[in-house]
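Here's the structure we're looking at; comments come further down.
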Number of protein chains: 2
Amino acid sequence: MLADREPVTLRSLVEGTGASTMAVYTHFGGMPGVWRAVRQEGFTRLSARLATVPRTADPVHDVAALGVAYAANAIESPALYRAMFDAVAELEDPAGADSGLAVLVDAVARARDEGRLAAGTDAAGVATRLWLAGHGLLALVVQGVLPADVVPGHSVETAVALLTAAGDEPAACRTSVTRAWEPSTGRPRV
Amino acid sequence: MLADREPVTLRSLVEGTGASTMAVYTHFGGMPGVWRAVRQEGFTRLSARLATVPRTADPVHDVAALGVAYAANAIESPALYRAMFDAVAELEDPAGADSGLAVLVDAVARARDEGRLAAGTDAAGVATRLWLAGHGLLALVVQGVLPADVVPGHSVETAVALLTAAGDEPAACRTSVTRAWEPSTGRPRV
DNA sequence: TAGCATTGCATAGCAATGCCATGTAACGTC
DNA sequence: GACGTTACATGGCATTGCTATGCAATGCTA
């Protein structure tokens with residue numbers, strides 16, 4: 001229903017299943033519970049997808065590759081992405097949502113520890129800012145304000161700016177980030 | 001009602017006004033029309049606020065000052081900010097929304113033309129990325145995911161990174177941006 | 001195995017919501 | 001002063017989320 005942009009109502013959910021509306025209350029406690037479960041599922045899928053991003057010898061490339069996976073996930077399921085952040089503060093299991101950010105923090109920390117970023121780099125801060133910028137971009141894309149084809153361009157420029165500011169060498173940074181975003185690598189299209 | 005987090009229903013709107021629900025249909029065409037008008041009003045207020053940001057001798061400071069005004073506007077009326085971007089693609093007058101971004105583009109272009117940014121800088125691109133990052137941050141703040149007190153820190157770091165990447169000298173850039181965000185200048189608190 | 005408590009859910013109905021058909025009163029125009 | 005138009009009050013309709021009630025299947029105990 002989300003993918004088809006159909007309105008998700010209590011009765012439309014049970015229609016065709018042979019079940020009655022009470023089944024929804026038994027399992028989810030009501031419509032807010034259904035949306036909670038949808039959001040949780042969204043973050044679970046996101047975490048699973050980020051976990052499939054391979055670790056290469058280039059830590060800065062890997063940071064950008066996480067961004068690619070994050071963007072692809074959002075663009076392939078825009079309605080789910082919207083639902084996820086529609087009331088993200090009400091998640092019952094915030095740890096599931098945080099784990100995605102934790103993966104990014106680890107990748108940034110590795111780039112720092114391997115010498116690509118400055119020694120004193122605040123990995124959590126840099127990772128958060130990468131995520132914030134990506135979220136701002138994708139939030140507008142999934143609502144139709146911006147077309148999806150501007151995602152790689154803005155993502156590359158913002159990632160290069162933030163990672164260069166964190167100490168990476170500009171030319172090498174751009175090479176690493178661009179390589180993750182170029183469309184010929186067989187990863188899911190955005 | 002938005003500020004008080006009360007549910008905005010057709011009947012609660014007309015309650016106490018002595019009018020009936022039909023008045024809403026005459027003037028707005030229905031509840032979606034009411035929300036359209038709310039969004040338009042939100043962007044009108046935002047544009048008005050951005051227009052009050054003074055132009056100083058430091059164009060990079062002025063770019064950051066627009067970000068401060070934008071953030072203050074969102075944080076002072078979080079429910080309005082949420083409503084604005086809840087269905088921003090359905091605005092009947094997108095020009096009103098674009099005018100805010102145009103002000104930022106002009107400020108970035110001025111910074112470029114006055115020599116602070118590289119001559120070939122894509123002012124619209126840089127301005128858009130500044131806006132995207134700010135929107136990502138504020139969207140999460142107004143939903144309660146992040147506390148408002150992290151706004152200045154992330155805003156300064158991201159703005160410095162993006163403007164430095166556009167050619168500004170790092171130390172001068174940080175000075176200009178920080179000056180716009182420091183709380184002792186008498187601007188509205190965030 | 002018989003009795004009983006628990007669980008899951010179908011039925012039916014309630015309150016609230018957005019919306020609209022109808023009627024009516026005020027207004028402007030000739 | 002008659003008439004068409006506009007704005008809106010009244011009342012009611014369909015849909016929504018929700019829940020009180022009852023029933024049947026399941027599992028536990030003696």
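None of the values given here were measured: they were computed from a predicted structure. Below, chains carry the letters A, B, ... as their sequence lines are ordered, and counting in each starts from 1.
Using a 4.0 Å cut-off between charged nitrogen and carboxylate oxygen, A:D62 and A:R55 do not count as a salt-bridge pair. Of the charged side-chain nitrogens involved, none lies within less than 4.0 Å of a carboxylate oxygen, so that B:R11 and B:E15 do not count as a salt-bridged pair. With respect to the salt-bridge test (charged N to carboxylate O, under 4.0 angstrom), the residues A:R36 and A:E41 do not qualify.
Between B:H27 atom NE2 and D:dT6 atom C1' there is a gap of 11 Å when expressed in whole angstrom units. Residue A:W35 contributes atom CH2, which lies 14 Å from atom C1' of D:dG17 at whole-angstrom precision.
Partners of B:E169 by side-chain hydrogen bond (donor to acceptor under 3.5 Å, both in side chains), not counting sequence neighbours: none found.
Within the nucleic acid shown, A:G29 has no heavy atom closer than 4.0 Å to any nucleic acid atom.
Using modelled atom types and a 3.5 Å distance limit, the side chains of B:R45 and B:S77 yield no donor-acceptor pair.
Screening residues 12-34 of chain B for ring pair (Phe, Tyr, Trp, His ring centres under 6.0 Å) gives no qualifying pairs among residues at least two apart or on separate chains.
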Write down the protein N/O and nucleotide N/O pairs, taken from nucleotides 16-18 of chain C, whose separation is under 3.5 Å; answer none if there are no such pairs.
| residue | atom | partner | partner atom | Å |
| --- | --- | --- | --- | --- |
| C:dG18 | OP1 | B:L10 | N | 3.3 |
| C:dG18 | OP2 | B:L10 | N | 2.5 |
| C:dG18 | N7 | B:R11 | NH1 | 2.7 |
| C:dG18 | O6 | B:R11 | NH2 | 3.1 |

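Taking the side chain of A:M22 as heavy atoms from C-beta on, and the options D:dC8, D:dA20, C:dG8, the nearest nucleotide is D:dA20.
A sub-4.0 Å separation between OP1 or OP2 of C:dC9 and a side-chain N or O of A:S20 is absent.
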